[in-house]
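Note on naming: letters A, B, ... go to the chains in the order of the sequence lines (proteins, then strands), and numbering restarts at 1 for each one.
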2 protein chains.
Amino acid sequence: MKRKITLKQIARELEVSISTVSKALRNSAEISEDTKQKVQAFAKLYNYRPNNIALSLKNRKTNTIGIIIPEIVHHFFSKVIRGVELVANKRGYNVIVGLSNESFSKEVINMEMLANGSIDGFILSISKETQQLQDYHHFNETMSQGMPIVMFDRVVSDMNCDKVIVDDLNGAKNAVEKLLRNGCKSIALITTKDYVSVGKLRTQGYLEALEKHQIQPKADLILKIDDTLDYETRLDALENEIKQLFKANNGIDGVFAVNELYALSAMKVARKLGLNIPEDVQVIGFTDGVLSKHSTPSLTTVSQHAQQMGEKAADLLINKLENNIETEEEYFQTVIIATELIERESTK
Amino acid sequence: MKRKITLKQIARELEVSISTVSKALRNSAEISEDTKQKVQAFAKLYNYRPNNIALSLKNRKTNTIGIIIPEIVHHFFSKVIRGVELVANKRGYNVIVGLSNESFSKEVINMEMLANGSIDGFILSISKETQQLQDYHHFNETMSQGMPIVMFDRVVSDMNCDKVIVDDLNGAKNAVEKLLRNGCKSIALITTKDYVSVGKLRTQGYLEALEKHQIQPKADLILKIDDTLDYETRLDALENEIKQLFKANNGIDGVFAVNELYALSAMKVARKLGLNIPEDVQVIGFTDGVLSKHSTPSLTTVSQHAQQMGEKAADLLINKLENNIETEEEYFQTVIIATELIERESTK
DNA sequence: TTGTACGCGTTATCAA
DNA sequence: TTGATAACGCGTACAA
């Protein structure tokens with residue numbers, strides 16, 4: 001079981017100095033053709049590759065991006081990762097993944113772990129717990145150490161860093177307007193508690209759409225789900241809450257849900273109550289998931305372009321990493337990714 | 001924008017030597033209480049953390065695991081990653097992700113990239129293209145350099161390395177037997193071309209189940225899909241092929257599909273042909289996905305325990321990495337994860 | 001044309 | 001009790 005070959009070993013074998021080998025391999029003009037040939041041939045034979053760790057230490061640059069997400073078993077986040085990976089690899093970076101599992105402490109620990117030299121910068125979406133606690137000291141510390149952060153989707157709005165967000169407000173607004181144009185008179189909203197930033201924005205979009213059409217929002221039509229419950233109990237509880245929503249409000253003819261699961265559950269409940277989709281109730285969800293496409297009826301959704309978000313985030317981060325010549329004052333941008341309404345069978 | 005603080009800076013600031021600082025921080029008995037206190041206080045104040053890269057270089061150990069998968073936007077693989085990450089973090093390792101995107105060359109490049117010192121070992125599932133080409137030189141090279149590999153799910157059977165696989169054959173066999181017990185007489189199989197190792201095994205399970213029940217397999221009932229087609233065109237093509245399957249065989253009353261999408265498509269096509277599920281046709285899929293749970297009717301599936309596979313793979317790899325005292329001859333094991341039949345609405 | 005010396009940040013060993 | 005030195009693997013400025 002032989003180790004990887006190093007410059008030193010090549011040098012010893014060929015009885016030249018290490019720097020000669022180094023230069024020969026980088027095709028330096030300083031080295032004679034003879035030696036170059038000899039060294040290069042030998043290196044090829046033994047499949048020499050420079051050690052990344054040594055390079056990282058020397059260059060104080062790892063060419064690695066750390067990505068911290070709350071959950072990986074999730075279409076949105078895995079698509080974002082794919083986008084990040086795509087761009088990162090193209091630009092010569094690796095991607096190292098940390099999962100916060102929606103926990104504040106795991107987020108902190110993971111970041112500290114990676115921040116100690118393993119990576120050059122972060123791309124992250126904050127955990128629900130962090131959103132609740134509103135404790136952002138780890139982000140500030142990381143940044144004050146000169147390590148850039150790009151936040152995506154769930155961001156801290158008053159933090160000085162690059163951000164990539166979905167146009168949640170307008171995405172929601174457009175969706176609700178679509179329902180209104182389609183003739184819906186009584187549109188229910190199924191959303192999350194307000195501390196989830198994206199849920200809040202989508203709620204706002206719903207309200208603005210109603211307002212624009214001069215419709216008075218009814219509190220009864222708005223269902224705010226506490227999604228900190230665990231997944232197993234959640235499904236039953238969810239459907240129950242939605243059933244109450246339908247029963248408490250006669251004549252719901254449209255539903256806007258801030259994610260895929262809520263939307264699907266709404267369809268399920270509606271059908272159980274004898275309502276047809278889209279004839280009696282039209283439903284729109286907010287998501288990039290697979291369920292929408294394959295459900296029956298398939299679900300009209302507001303697409304978030306998750307992969308594009310990942311790509312953009314990676315580009316922003318790498319640009320920052322490579323622009324050492326940047327202007328004195330830090331310049332941060334917030335990129336807003338437009339949503340797209342994908343019409344399927346759940347709307348007319 | 002200050003950099004991270006180093007031993008050297010602390011030493012200079014406190015006017016002691018670097019090694020004193022190092023020892024003081026590790027609470028060495030060699031150092032006086034006074035100095036220790038002073039150094040530790042200062043380090044805490046400036047939030048000193050040793051640089052991982054320097055440690056990696058020195059220890060020739062990165063404490064990082066590389067995971068190479070064909071695709072991340074996929075429930076099975078993201079669940080595996082979660083399992084790997086869980087165990088890895090618990091045992092003090094990070095996880096770095098490489099995507100092959102089902103391409104041989106990307107797999108090779110990604111592995112070379114990571115093998116040059118970035119990681120201590122690999123966990124991987126090989127790409128379809130690699131399976132077709134049967135070119136495994138990169139695995140052999142990596143291992144001959146002393147870097148351990150753990151393969152999962154899609155493995156190379158005659159390769160000397162640890163493996164974690166699903167019991168594809170028996171999982172399939174059990175599923176088909178379930179259909180037989182439920183009264184199915186004419187069971188169709190929707191599978192992949194044989195070069196996909198798991199597809200092949202599941203096909204074999206189907207055949208064995210029939211054989212056990214002394215049923216002659218009919219070639220017409222077996223549909224082998226070429227899944228190298230891209231995703232967009234695939235859905236239509238897929239449904240078309242399945243429709244042909246149904247039309248060519250009157251009286252299909254059971255379908256076993258080697259993945260979720262095939263199973264769902266089968267249900268869709270069956271319904272379009274006026275067949276009821278599970279009354280007229282019973283369907284079982286093979287997967288860990290979300291679609292099964294939320295489809296209508298929900299799909300009975302053979303669960304693969306993806307997360308458990310990831311956990312096991314990580315344990316195997318880390319054990320190998322940390323057992324330097326191992327026996328002389330290399331010892332490799334293949335762990336077989338049992339499947340579980342999750343019964344839902346698509347079977348009686 | 002080749003080799004020496006240095007530094008990246010750390011720890012271990014040995015000397016003072 | 002403290003400090004100097006070497007080493008991990010590499011690239012480069014400078015000396016020979």
5' to 3', nucleotides 6-13 of chain D under a 4.0 Å protein heavy-atom cut-off (B base, S sugar-phosphate only, - none) gives -BBBBBBB
Looking at every non-hydrogen atom in both residues, tell me the closest pair between A:Met151 and A:Cys161 and how far apart they are.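 Looking at all heavy atoms of both residues, the shortest contact is CG-SG, 3.8 Å.
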Output yes when a side-chain donor or acceptor of A:Asp162 lies under 3.5 Å from a complementary backbone atom of A:Leu317, and no otherwise.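 No; judged by distance alone, with no hydrogens or angles, the pair does not exist.
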In chain order, what residues pass the salt bridge (charged side-chain N to carboxylate O under 4.0 Å, His left out) check against B:Arg91, with sequence neighbours excluded?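 Here the qualifying residues are B:Asp315, B:Glu322.
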Round to a whole Å and report the spacing from NZ of B:Lys38 to C1' of D:dT2. 11 Å
So do the side chains of [X] and [Y] get within less than 4.5 Å of each other, counting heavy atoms only?
X: B:Ile123; Y: B:Ile65; result: yes
X: A:Tyr48; Y: A:Lys4; result: no
X: B:Val155; Y: B:Ser197; result: no

Under 4.0 angstrom, heavy atoms only, what part of the nucleic acid is B:Thr35 near: base, sugar-phosphate, or nothing?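 The residue B:Thr35 makes sugar-phosphate contact but no base contact.
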Within the structure, does a side-chain N or O atom of B:Thr20 lie under 4.0 Å from either OP1 or OP2 of D:dT2?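 No, because none of the side-chain N or O atoms of B:Thr20 sits under 4.0 Å from OP1 or OP2 of D:dT2.
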Of all residues at least two apart in sequence or in a different chain, which pass the side-chain hydrogen bond (donor to acceptor under 3.5 Å, both in side chains) check with A:Asn89?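 Residues passing side-chain hydrogen bond (donor to acceptor under 3.5 Å, both in side chains) with A:Asn89: A:Glu85.
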Taking atom types as modelled and ignoring hydrogens, do the side chains of A:Ser103 and A:Ser100 form a donor-acceptor contact shorter than 3.5 angstrom?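 On atom types as modelled, these side chains do not qualify, holding no pair under 3.5 Å.
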Angle between the end axes of the helix from C:dT1-D:dA16 to C:dA16-D:dT1, five pairs per end, to the nearest 10 degrees?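 It comes to 70° between the two terminal axes.
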I'd like a table of donor-acceptor pairs (distance under 3.5 Å, sequence neighbours excluded) in which one partner is a side-chain atom from residues 8-16 of chain A, with atom names and distances.
none

Taking 5' to 3' order, which nucleotide of DNA chain C is first and which is last to have an atom within less than 4.0 Å of a heavy atom in chain A?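 That gives a stretch of C:dT1 to C:dG9.
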Interatomic distance, A:Phe152 atom CZ to A:Ile337 atom CD1 [nearest 0.5 angstrom]: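 Going from CZ on A:Phe152 over to CD1 on A:Ile337, the span is 11.5 Å.
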